[in-house]
Every structure is written in C-alpha cells, then in structure tokens.
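The sequence lines fix the lettering, A, B, ..., with proteins before strands; numbering per chain opens at 1. Since we're looking at a predicted model, the values are computed, not measured.
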Number of protein chains: 2
Amino acid sequence: MARTDARYREAYNTLLDYCGRLQVGGAVPSESELADVAGVSRTVVRRCLARLEETGIISWNGRHKRLLKRPANDDRLELLGDRTAAEDLEQRFLEWVLRFDVPADTPLSVAELSRMFSVPQHELKEFLAGLSRFGLVARRPRGGWMLRGFTKEFAVELSDFRKVLELNAVRIATDAPVGHPIWTTLSELRHAHLDLKSRIKTDFHEFSKLDERFHEAINSVVSNRFIAEFQKVISLIFHYHFLWDKADEQERNAAAIEEHLAIIDALEARDPDGAAKAAEKHLRTSKTTLLSSLRYHELG
Amino acid sequence: MARTDARYREAYNTLLDYCGRLQVGGAVPSESELADVAGVSRTVVRRCLARLEETGIISWNGRHKRLLKRPANDDRLELLGDRTAAEDLEQRFLEWVLRFDVPADTPLSVAELSRMFSVPQHELKEFLAGLSRFGLVARRPRGGWMLRGFTKEFAVELSDFRKVLELNAVRIATDAPVGHPIWTTLSELRHAHLDLKSRIKTDFHEFSKLDERFHEAINSVVSNRFIAEFQKVISLIFHYHFLWDKADEQERNAAAIEEHLAIIDALEARDPDGAAKAAEKHLRTSKTTLLSSLRYHELG
DNA sequence: TCAAATGTTTTTAATAATATCAATCATCGA
DNA sequence: TCGATGATTGATATTATTAAAAACATTTGA
C-alpha cells in the first residue's frame with residue numbers, strides 16, 4: 001500500500017450527504033460538479049460514484065446517473081483519525097532533547113525517533129534536514145544523523161545571535177509610531193510584571209511564561225521571515241533552560257522582572273540608547289543563566 | 001531493487017587490489033582486518049569474499065582463506081559513476097532560480113527537479129525542507145512545494161537581515177586584537193580595491209567577485225554557526241542580483257569601491273561609529289541596487 | 001582457557017515500488 | 001458545438017524492500 005485513502009473517504013461521506021439532499025429518482029449532477037462540491041479531483045469523485053453504484057444508492061451509466069434510494073447513516077465510511085501526530089513535532093523533539101538532556105554528538109536514529117514520536121520516517125527526515133539549517137543536528141558521514149547538541153559553544157553562539165536579533169528589535173521598537181500595537185502590549189506587560197512582582201515570593205515560577213510573552217512582544221515589531229523562524233527555536237530553548245536551573249530561582253526572577261521593567265521604561269520614554277543599554281544588560285544576565293544551567297547539568 | 005550496492009562494488013575492487021599485493025597461495029587476513037582495509041562493515045566484506053570465492057580468486061572455508069590466483073583487471077566490478085551530482089545542490093538550485101528568474105509562487109515538482117539536477121527525490125525533499133526554514137520555499141496545502149521567490153518583500157527582509165548581521169560583524173571587527181588575521185586580509189583587500197579602482201574603466205565586471213570577498217572577510221570575524229549558515233545564502237543571492245543589473249554597472253561598482261574603502265579606513269582606525277556609519281551607507285546602497293534590479297526584471 | 005575470528009540475527013538508512021490523487025487530452029452525445 | 005465522460009499521464013505520499021551496519025552468539029586454535 002502507499003498513501004492513505006482518507007481523502008476519498010471524506011469525499012464519499014460528503015457526497016453521501018449531498019445525495020441525501022437530492023430527490024430520490026432524480027438525476028445526479030455531473031462529475032465535475034460533484035468534484036466542486038467535495039473539493040476533490042474528478043478521479044476521486046469517480047471512485048466514490050463507483051462505490052455509490054456498487055452499494056445500490058445510485059445507478060450509473062455513462063452520463064446517466066440517478067439516485068435510487070436515500071443513503072442511510074451506516075453507509076458512511078469510517079475515517080481513520082490520528083491526523084495530529086506530526087503537528088508539533090518541533091516542539092516535541094526539542095522538549096525531548098532538553099528534558100532528557102540528550103548529550104551532544106548523540107547519534108539519532110530516524111527509525112527510533114519515528115516510533116517515539118509516531119511520525120513517518122520521511123517526515124522525520126525532512127524535519128531533521130530543516131533543523132540542520134540551524135546547526136542543531138548534522139548528517140553523519142555514512143548516513144544517519146547526530147545531535148550537535150547543547151554544548152557551551154552552542155549556548156554562547158545562540159545567546160550572541162539572540163542578542164543581535166533582539167537589540168535590533170529594541171531599536172526598531174523605539175521608532176514605532178504612537179498607534180502601533182506594541183505600546184498597548186507593553187502597557188499590559190508592565191502591569192503583569194508589577195502584579196507578579198508583588199507576589200513574587202510565592203508565584204515566582206510564573207515568570208518563565210511572562211518572560212516568553214515579553215520577548216515575543218519585543219520581537220513582534222520586526223516583520224521578517226528569517227528572524228521569525230529563528231525566534232521560535234530560540235525562545236523554546238531559553239524557556240526550557242530556565243525551567244532547568246532551579247538554583248536561586250526566586251531571586252533570579254525578581255531581578256529579571258526589574259530588568260524587563262527597565263526596558264519597558266526606556267521604550268515608553270522613546271529612549272533608544274537607554275533601551276539598548278537595558279536590553280543589553282538583561283541579555284547578558286540571560287546568557288549567564290543559560291551557561292550556568294549548562295554547567296549545573298554537566299556537574300549533575 | 002532498493003538501495004544501490006555501490007558501496008559493495010567499491011569495496012570489492014579495493015579488496016581485489018589488496019589481494020593483488022598478497023602472495024599467491026598465501027593466507028588472506030581476517031574479515032575484520034579486511035573490513036578495516038576497505039573501510040566498510042564485515043557484512044560487505046563477506047559479500048565480497050563470497051564473490052571472490054565464486055570467481056575462484058580465493059578459497060574460503062571458515063577461517064581458512066587462501067589466495068588461489070592473482071586477480072586480473074577484468075575481475076573488477078564496474079561502479080556506476082555519477083557520484084558527485086548531489087554535491088552542490090544548493091548552489092545549483094539557487095543558480096537556476098536566479099538565472100532563469102523563476103517567478104514567485106511557482107509550483108516546484110520534486111520529480112522534475114530530481115531529473116533536472118540528477119539527484120534522488122528524497123534528497124531533494126530534504127533540501128527543500130531545509131530551504132523552507134529560510135522562507136525561500138513553502139509546502140503547498142495538498143502536497144508539493146512552491147517557490148516563495150524573490151519578491152520585493154523578500155528582498156527587503158533579506159537586506160534588513162543582512163544589515164543586522166553585518167553591522168554586528170563590523171562592530172566585532174573593530175574590537176579584534178592586533179594579531180587577528182582580519183587585519184592582514186583587510187590590508188590585502190585595500191590593495192585589491194585600489195588596484196581595481198585604477199583600471200575600473202575596463203575591468204569593472206571584476207568587482208562582483210571582489211565584493212563577495214570583502215563581505216566574506218567582514219563576516220569571518222563572527223564565528224557563529226547560525227550566522228554562517230545564512231551568510232552562504234545571502235551572499236549567493238546578492239551576487240547573482242548584481243550580475244543581473246547591467247544598468248550603470250561601471251558607476252555603481254566605482255562607487256561601491258569607495259564605500260568599501262571607507263569601511264576599511266574606519267576599521268583600521270578602530271573607529272566603531274565611523275565603521276558602522278560607513279557600513280550602513282554601503283548596505284543601504286546594496287539594498288537599493290537589489291530592489292532596482294528586481295524592478296528591472298519585473299518590467300523586462 | 002580465552003581472545004580473536006567467524007557465524008547469526010537484528011536494526012537502520014537508502015531507495016525502489018506503488019496506491020492515491022490531479023491534470024490533461026481525446027472522444028462522445030444531446 | 002459545448003459540456004460531460006473516458007482514458008492517459010504524471011505527480012506526490014507512503015509502504016516495501018534491500019544493502020549495510022551493528023549487535024550478539026559461537027567457535028577455534030594458540
């Protein structure tokens with residue numbers, strides 16, 4: 001067997017419904033028309049017609065098609081679900097790498113990953129090929145893949161790259177016109193930060209989510225497909241690493257809130273230099289935290 | 001058939017050569033040793049041994065292997081060549097897109113491309129999956145791929161992204177220590193620029209190559225896998241677009257030489273602000289040229 | 001006896017093969 | 001004559017098959 005006939009099955013049920021709305025004994029429209037109704041090609045329609053004839057729901061003879069009886073409910077074809085597995089492969093893959101702390105230079109077996117994530121092998125290969133563009137995985141000389149992994153070098157390069165992108169975003173944000181949605185978002189974020197600050201003693205773990213929202217907002221002012229693509233990966237990696245490092249979490253998060261607020265202050269004051277300085281300070285802290293979380297893991 | 005047995009064929013010939021250097025009547029080394037010699041697994045070695053025995057070149061009985069006769073030249077297996085096709089697929093693909101000016105939103109047929117570049121389909125799919133990370137191609141709803149292409153938006157976003165990366169590189173370059181290779185390279189580039197400037201009237205078309213060298217040198221100070229990956233694509237695209245736009249080529253190139261020299265001056269003077277300004281000016285010019293070359297093509 | 005060599009089995013990655021779907025072209029009939 | 005159908009071609013997604021590698025088990029001979 002090759003590909004699934006899910007498309008045919010869905011079309012068949014659609015046509016069944018459609019026939020249900022026709023007069024018994026009346027004519028069934030042309031193949032092209034039915035193709036439009038079901039949103040598939042004529043080839044699929046003809047397969048459906050063949051089955052409809054076989055089941056005795058219609059008669060079919062050249063271009064003479066008649067509805068013989070009203071289709072019953074159990075004439076419908078069952079559609080095999082399970083169409084969400086490949087959805088968030090990226091998320092699940094990175095989650096696996098980070099959660100289980102898969103070491104650098106681990107050989108990745110397409111077959112094994114395919115089972116683990118219940119995704120067909122060829123989809124995994126395409127996915128890995130995509131990741132290789134980010135330097136996260138690489139091809140091995142004689143076939144197969146390997147995880148280049150979260151080494152110290154990787155973390156440094158990632159942080160530096162993030163800094164380049166985000167300082168650029170901050171610079172652009174200060175130039176955003178008054179009506180730009182960023183200002184509303186920033187104002188909301190300020191309140192969210194002040195709110196969390198007031199109850200940081202107990203709810204400090206909520207910061208991780210807030211951090212993600214904050215950086216996403218900053219970067220949203222840059223409409224650039226290249227940057228956007230990277231941002232997804234970057235934020236995911238930073239997110240997970242912060243969850244890792246449990247040492248001094250409350251203090252770190254409290255400090256980060258202040259740093260965020262400083263950035264918001266400078267942005268709202270339309271102070272490019274001040275915003276850049278504040279952002280730089282915050283990104284330096286982030287980098288340190290990322291590196292220390294790696295060290296922590298190496299020792300553990 | 002499934003995968004090719006090219007590996008086996010090559011190994012067989014290697015072992016044939018190896019046997020040629022042994023004494024006739026003498027013992028043939030162990031399977032593992034032969035595996036090392038040919039650089040393949042024992043499985044392949046055993047297939048080779050089986051054939052060697054069949055051909056009567058060796059006798060094989062458990063661990064007793066003897067060379068019966070010196071292998072002749074026509075004992076060798078023919079290896080189906082064509083093993084360099086997939087080498088620079090990226091280069092060839094982009095060259096095709098740019099040279100033939102393939103319009104945006106063109107549907108890409110994997111089968112057709114596979115024939116065109118003589119690369120197996122699955123390799124092309126992996127390649128396209130990689131490119132999709134750069135937003136150059138995208139999946140179509142019902143299977144297949146399409147070229148998102150070199151629209152105006154693409155050019156703008158690419159230029160902006162390049163600017164972000166390259167200004168960062170310039171900033172880092174001014175901080176490079178005295179012994180850093182960049183200073184030698186820059187000095188060489190200065191001479192090359194002055195040289196070309198003196199004969200710009202006739203040799204202006206040489207500039208494209210020099211431009212590539214210059215930007216590569218600037219970016220070489222940044223050792224970052226993410227940036228490096230992008231740089232390849234960016235430089236290729238700019239390179240081809242400059243080749244396109246024939247209007248005022250000599251003047252444009254003469255002006256660009258001055259801009260490059262200004263950047264080199266500022267860098268050698270260790271003047272970060274001056275270098276950033278000069279670079280920004282040059283990148284603005286590049287962006288304009290890229291956009292005008294697109295307009296030119298739209299009209300043509 | 002025990003390490004090295006061989007025999008056997010399992011697993012993986014590369015690639016051919018194929019079912020499904022889409023599109024085109026030729027033909028037919030009202 | 002034009003719209004509908006029939007036949008053909010060519011594409012992609014997915015399975016099946018095979019070469020190669022790796023893992024495991026057994027044997028042999030110094």
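For A:Phe134, the ring pair (Phe, Tyr, Trp, His ring centres under 6.0 Å) partners two or more places apart in sequence, or in a different chain, are A:Phe230.
Comparing B:His64 and B:Ser109, the nucleotide of DNA chain D nearest to each residue sits closer to the 5' end for B:Ser109. The residue among B:Arg115 and B:Tyr8 whose nearest nucleotide of DNA chain D lies closer to the 5′ end is B:Arg115. Looking at which nucleotide of DNA chain C each of B:His122 and B:Asn61 is closest to, the 5′-most match is held by B:Asn61.
Closest to the side chain of A:Val110, out of D:dA19, C:dA13, D:dT12, is C:dA13. Across D:dA19, D:dT14, C:dT15, the shortest atom-to-atom separation from the side chain of B:Asp5 is found for D:dA19. With C:dA13, C:dT12, C:dG7 as the candidates, the nucleotide lying closest to the side chain of A:Glu112 is C:dT12.
Using a 4.5 Å cut-off on side-chain heavy atoms (C-beta onward), A:Val222 and B:Asp160 make no contact. The shortest distance between side-chain heavy atoms of A:Glu112 and A:Arg115 falls below 4.5 Å.
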Identify each atom pair where a protein N or O and an N or O of nucleotides 22-26 of chain C are less than 3.5 Å apart, giving names and distance.
unit_1, atom_1, unit_2, atom_2, d
C:dA22, OP1, A:Arg7, NE, 2.9
C:dA22, OP1, A:Arg7, NH2, 2.9
C:dA22, OP2, A:Ser41, N, 2.9
C:dA22, OP2, A:Ser41, OG, 2.8
C:dA22, N7, A:Thr43, OG1, 2.7

Tabulate protein N/O versus nucleotide N/O from nucleotides 3-5 of chain C, keeping only pairs under 3.5 Å, one per line.
unit_1, atom_1, unit_2, atom_2, d
C:dA5, N3, B:Arg63, NH2, 3.3

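Between B:Gln121 atom CD and D:dT15 atom C1' the separation is 15 Å, expressed in whole Å. The CZ-C1' distance, from A:Arg46 to C:dT20, rounds to 15 Å in whole Å. Between A:Arg51 atom CZ and C:dT20 atom C1' there is a gap of 17 Å when expressed in whole angstrom units. When rounded to the nearest whole Å, the span between CD of A:Glu53 and C1' of D:dT5 equals 14 Å. A:Arg47 places its CZ atom 6 Å from the P atom of C:dC21, with the value rounded to the nearest Å. Rounding to whole angstrom units, CD of residue B:Glu126 and C1' of C:dT15 are separated by 12 Å. In this entry the distance linking CG of A:Leu124 with P of C:dA14 reads 13 Å, nearest Å. Taking atom CD on A:Glu10 and atom C1' on C:dT20, their separation rounds to 15 Å, with Å as the unit.
Residue B:Arg139 places at least one side-chain N or O under 4.0 Å from the OP1 or OP2 atom of D:dA13.
For the pair A:Arg139 and A:Trp145, the cation-pi test (distance below 6.0 Å, angle within 45°) is passed. Remark: B:Arg47 qualifies as a cation-pi partner of B:Tyr8 under the 6.0 Å distance and 45° angle criteria applied to the six-membered ring.
Taking both residues in full, the closest heavy atoms of B:Gly25 and B:Arg66 are given as O-NH1, 3.2 Å, listed atom of the first, atom of the second, then distance. Closest non-hydrogen pair, A:Pro29 versus A:Leu22, comes out as CD-CD1, 4.1 Å.
For the atom pair CD1 of A:Ile57 and SG of A:Cys48, the computed distance is 11.0 Å after rounding to the nearest 0.5 Å.
Looking only at distances, no side-chain donor or acceptor of B:Arg42 sits under 3.5 Å from a matching main-chain atom of B:Ser32.
Residue A:Glu31 forms a salt bridge (charged side-chain N to carboxylate O under 4.0 Å, His left out) with just one option from A:Arg63, A:Arg46, A:Lys65, and that option is A:Arg46.
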